[in-house]
Amino acid sequence: FFYFLSKTLKSFKNQIKKSIEYSDNFNDKDLDNIVWSVQNFLSNVNEFSNQNDIEKNYRKKISLRINKNDFEKFPFGKHILEPIVISIKSLIIAIMCSYSLIEAIKTLMNGGNSLEFGLALIYSIVSVLGCGIISFYMKEQEKKINSELIKAECTQWFMDTALSTAVLVGFIIAMVLAGTKLKSLNPYIDPFMTIVVSLVCIRIPIKTFIESFKEVICVKANDEINDDIYVLVKGIEEEYNFEESITRVSKVGRELRIEIDFVFNEESKLNKLEEMDNVREYVYSNMSDIKLDKWLNINFTGDKKWAV
């Protein structure tokens, strides 16, 4: 797309010349400099796009690596790779937001910077539309595919859309103020909008980092999942007169790890191995509404020390 846009600028140059041929303050050299600058900028964007393709391929390889069956090397699975990748990615984005915020504050304190209109405004509009469409597409994919990697990608594109929108709004405000007595505020618009967007967006990668890091260290799953499983287990405990039940639930990437220990006493009704397997099947079938891969381990013991 950017390659096509860059080529289009060359043919568009002649049309611009026709519209300004009567201007005394604009010459071919100025026009060449503008077109060359925009083309150079688009070339950098195209390079960034290639780097983004490399990043996407890397995430795809991680996803394939997670789904690959490699029980001998990874007996407990590889789902932990997903929150590790997301934690690193979120931390980098948070650092970038912090850097943008600091630089914008410095620019604001140093008197702001000038805004260039024209083709830069056109690119800003294209950027908002492009990022917005991709952000919407990624949001739709997130609904279909239960993957934290897709969710992180969706978040990144949302932030790109927000930043592009802030730049466009800054251009529009500056253009409105350019013909008024408040035009002296124009140099401050760009850093001010950057500060606002950075403050709004920085909480997103920080929140994502915290959630992913919790999965890395196996913090308990959210209350909704925990409560549903707790109610289910307590019902089985009462039905079979177990002394006690201990439930541990943690979410790691797309996997839900569940360990349930039932402690027997003299009045417990469950004795046969077949009945124990029936309990396991009952628990598993009643968690079908939880759209995660499940690692379920149910133990039966007569001594609580083996359950804690």
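In what follows, residues are counted from 1 in the order of the sequence shown.
The distance from the CD atom of Glu255 to the CG atom of Leu292 is 9.5 Å, given to the nearest 0.5 Å. Taken from CG in Asn271 to CE in Met276, the straight-line distance is 7.0 Å, to the nearest 0.5 Å. Taking SG of Cys218 as the start and NZ of Lys251 as the end, the distance is 11.5 Å to the nearest 0.5 Å.
Distance alone, capped at 3.5 Å, is enough to place a donor-acceptor pair between the Ser285 side chain and the Tyr282 backbone. No donor-acceptor distance shorter than 3.5 angstrom exists from the side chain of Glu215 to the backbone of Pro83, with no hydrogens or angles considered. Under the 3.5 Å distance criterion, the side-chain polar atoms of Lys294 are matched with a main-chain donor or acceptor of Ile290.
Within the 4.5 Å cutoff, no side-chain heavy atoms of Ile260 are placed close to those of Arg248. At a threshold of 4.5 Å between non-hydrogen side-chain atoms, the residues Lys89 and Pro205 do not count as touching.
Salt bridge Lys304/Asp261: absent, no basic N to carboxylate O contact under 4.0 Å. In this structure, Arg257 does not pair ionically with Glu259, as no charged nitrogen and carboxylate oxygen lie closer than 4.0 Å. With respect to Glu237 and Lys234, a salt bridge is recorded, a charged nitrogen being found less than 4.0 Å from a carboxylate O.
Each of Ile258, Ile229, Ile298 was scored for a side chain to side chain contact (heavy atoms under 4.5 Å, CB included) with Val283, with one residue passing: Ile298.
Considering only residues two or more places apart in sequence or on other chains, Asp289 meets the salt bridge (Lys or Arg N to Asp or Glu O under 4.0 Å) condition with none of them. Phe264 is linked by a ring-ring contact (aromatic ring centres under 6.0 Å, His included) to Phe242, counting only residues two or more places apart in sequence or in another chain. Qualifying salt bridge (Lys or Arg N to Asp or Glu O under 4.0 Å) partners for Lys269, counting only residues two or more places apart in sequence or in other chains: none.
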For the pair Ile236 and Phe262, evaluate side-chain contact (heavy atoms from CB on, under 4.5 Å) and give the outcome as yes or no after the intermediate values. CA-CA 9 Å; Ile236 297 173; Phe262 291 107; 3.8 Å; yes
Going through the checks in order, is the side-chain contact (heavy atoms from CB on, under 4.5 Å) test met by Leu256 and Trp295? CA-CA 6 Å; Leu256 192 66; Trp295 180 293; over 6 Å; no
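Of the N and O atoms on the side chains of Ser268 and Asn265, at least one donor lies less than 3.5 Å from an acceptor on the other residue. A donor-acceptor contact under 3.5 angstrom links the side chains of Ser127 and Ser164, judged on distance only.
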